[in-house]
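Step one of this worksheet: look at the structure below.
Atoms within a ligand are numbered from 1 in the order they appear, just like the ligands themselves.
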Amino acid sequence: MKLVFFSETDDPAPWREALRTALPGIDFRVWPDVGDPADVRYTLVWKPPAGWHRRFPALRAILSLGAGVDALLEDPDLPAGVPITRMVDAGMGRQMAEYAAHGVMHFHRRMPEYAALQREGRWQPLECPAATEFPVGVLGLGVLGAQAAQMLVAMGYPVNAWTRTPRTLPGVTCYAGDAGRAAFLAGSRVLVNFLPLTPDTRGLIDRSLLAGLPRGAYLVNLARGGHVVEDDLLAALDDGQLAGAMLDVFGSEPLPVGHRFWRHPRVIVTPHIAAVTMAEGAADQVIENLKRLEAGDTPRGLVDRSRGY
Ligand code: NDP
Ligand code: OXD
């Protein structure tokens, strides 16, 4: 069974070690050392170039190193009919929840204002609402969003969530679809984005969505940069509709030198680190899926190409 690993950001060594230990028959290759491409059955990938998969005519499945598969699905040359699997939690749920909780508390406890006061050498206590008065809106209540929502509930925040289809989660007020959007937004002091990037969600965080939030709201985006219309976000920050944004993901990554986000006083930038896939927590899922695929069974985390996630 030959598998090719491709990632410009992940170290193949722990993956090779884990997969070779669990699957002694595996021929684990790291791009570009693939030997005969006609033998390749599986790929384990993060952001391969467009058209890259076309060279493997006997491909049985594409295994994504990430939870989000938007970059794969955007490839017009992705072989049709080949199943794609994604990471389901795989250790990222806890990391994403930590990032979201940090973002919410950072804004709730007015840390950006204290940083500005410190720069001016001013000792100035500010009023702060109780957590129970600071409702959080979670966009997307899937594998990762649900864990963050539960952590925020445990921290005492009122939590609203918005999904494509109706969902329920204890302690969370759930809204769905176009019908639920306005009420969801109006009740969210801070919006935390956990959506997958699909044709339906690209550009969703635009002027009209931001205008639906209470004035002076905040945004924490740890899903994808493509969800945000950057000019609309900057305009909302500049005119006070939004009081701050914590951004981990961008339309173009790395965030280009000179981009306004780098120096905007109300924007916090992190370099797509809200969660990272670590072989230690994720290799078991890949091993299990390779076993299932070899046995002709349905793998875990199978992507629905028509839905886009
Ligand atoms: P899931 O597929 O488990 O959950 C997706 C959620 O989004 C579901 O609740 C789904 O609704 C909802 N959704 C999808 N489309 C729409 C829509 N059109 N309108 C409203 N809701 C919608 O994904 P995960 O939780 O595993 O991952 C979420 C995303 O997080 C990934 O796609 C990735 O982009 C991002 N991510 C970012 C990382 C980082 O380091 N910054 C790390 C890992 C992931 P429904 O429940 O009805 O299906
Ligand atoms: C992912 C990511 O989708 O790291 O897993 O963004």
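For D200, every heavy-atom contact with ligand 1 shorter than 4.0 Å involves the side chain, none the backbone. With a 4.0 Å cut-off on non-hydrogen atoms, L204 does not touch ligand 1 at all. No part of M87 comes within 4.0 Å of ligand 2, judged by heavy-atom distances. When non-hydrogen atoms are compared, ligand 1 lies under 4.0 Å from the backbone of L195 as well as from its side chain.
The shortest N or O to N or O distance between H272 and ligand 2 is below 3.5 Å. For ligand 1, one of its N or O atoms has an N or O atom of A275 under 3.5 Å away. Inclusion of T277 in the set of residues having an N or O under 3.5 Å from an N or O of ligand 2 is not warranted. Taking only nitrogen or oxygen atoms, main chain and side chain alike, M92 does not reach within less than 3.5 Å of ligand 1. Where the criterion is an N or O separation shorter than 3.5 Å, residue side chain and backbone included, G140 fails it with respect to ligand 1. Considering backbone and side-chain atoms alike, R86 places an N or O below 3.5 Å from some N or O of ligand 1. Ligand 1 has an N or O atom lying under 3.5 Å from an N or O atom of Y309, backbone or side chain. Distances between N or O atoms of R167 and those of ligand 1 include at least one value under 3.5 Å. Looking at T165 next to ligand 1, an N or O pair under 3.5 Å apart turns up. Of the N or O atoms in D248, one or more lie within a sub-3.5 Å distance of an N or O in ligand 1.
Distances shorter than 4.0 angstrom do not occur between any heavy atom of L197 and any atom of ligand 1. For the ligand labelled ligand 1, residue Q95 lies outside the 4.0 Å heavy-atom shell. Put simply, no part of M87 is less than 4.0 Å from ligand 1, judged by heavy atoms.
Ranking the protein heavy atoms by distance from atom 37 (C) of ligand 1 puts L222 O, 3.2 Å first. Distance from atom 25 (O) of ligand 1 to its nearest protein heavy atom, with residue and atom name: L144 N, 2.8 Å. Of the protein's non-hydrogen atoms, the one nearest atom 7 (O) of ligand 1 is P196 CD, 3.2 Å. Annotation: atom 9 (O) of ligand 1 to nearest protein heavy atom, L141 N, 2.9 Å.
Counting atoms of ligand 1 from 1 in the listed order, those under 4.0 Å from a heavy atom of T201 are 15 (N), 16 (C), 17 (C), 18 (N). Short contacts between ligand 1 and V143, defined as distances under 4.0 Å to a heavy atom of the residue, involve ligand atoms 3 (O), 25 (O), 26 (O). Atoms of ligand 2 found under 4.0 Å from any heavy atom of M92, numbered from 1 in the order shown, are 5 (O). Each of the following atoms of ligand 2 lies closer than 4.0 Å to a heavy atom of R224: 1 (C), 2 (C), 3 (O), 6 (O). In summary, the atoms of ligand 1 found under 4.0 Å from a heavy atom of V249, numbered by their order in the structure, are 41 (N).
Using cut-offs of 30° and 60° for the angle between ring planes, the W46 and H272 rings count as perpendicular.
Going from atom OG1 of T201 over to atom CG of N193 covers 8.0 Å, rounded to the nearest 0.5 Å. Distance NE2/H264 to CG/L247: 10.5 Å, rounded to 0.5 Å. Between atom CG of residue L141 and atom OG1 of residue T165 there is a gap of 10.0 Å, rounded to the nearest 0.5 Å. To the nearest 0.5 Å, the span separating CD on E288 from CG on D297 amounts to 9.0 Å.
Seen from the ring of F184, R181 does not count as a face-on cation partner, given the 6.0 Å and 45° thresholds.
Looking at G68, S64, A67, it is A67 that brings a heavy atom closest to atom 5 (O) of ligand 2. One option in W162, F194, Y175 has a heavy atom closer to atom 28 (C) of ligand 1 than any other, and that option is F194. With atom 35 (C) of ligand 1 as the reference point, the heavy atom nearest to it among P199, G68, S64, A223 is part of A223. Heavy-atom proximity to atom 34 (O) of ligand 1, evaluated over H272, Q147, H227, R224, is greatest for R224.
R94 has its side chain out of reach of D89: every pair of non-hydrogen atoms, C-beta onward, lies at least 4.5 Å apart.
Members clustered with L59: V4, F6, W31, V34, V40, V45, W52, F56, I62, V69, L72, L73, L78, V82, I84, V303, by chain and number, using a 4.5 Å side-chain heavy-atom cutoff among hydrophobic residues.
Salt bridge annotation for R260-E230: absent, with no cationic side-chain nitrogen under 4.0 angstrom from a carboxylate oxygen. Using a 4.0 Å cut-off between a side-chain N of Lys or Arg and a carboxylate O of Asp or Glu, D75 and R54 do not qualify as a salt bridge.
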Q. Hey, mind stepping through H108 and Y218 against ring pair (Phe, Tyr, Trp, His ring centres under 6.0 Å) and telling me if it holds?
A. CA-CA 9 Å; H108 163 219; Y218 300 90; 9.9 Å; no
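Between L302 and P83, the shortest heavy-atom contact is CD1-CB, 3.8 Å.
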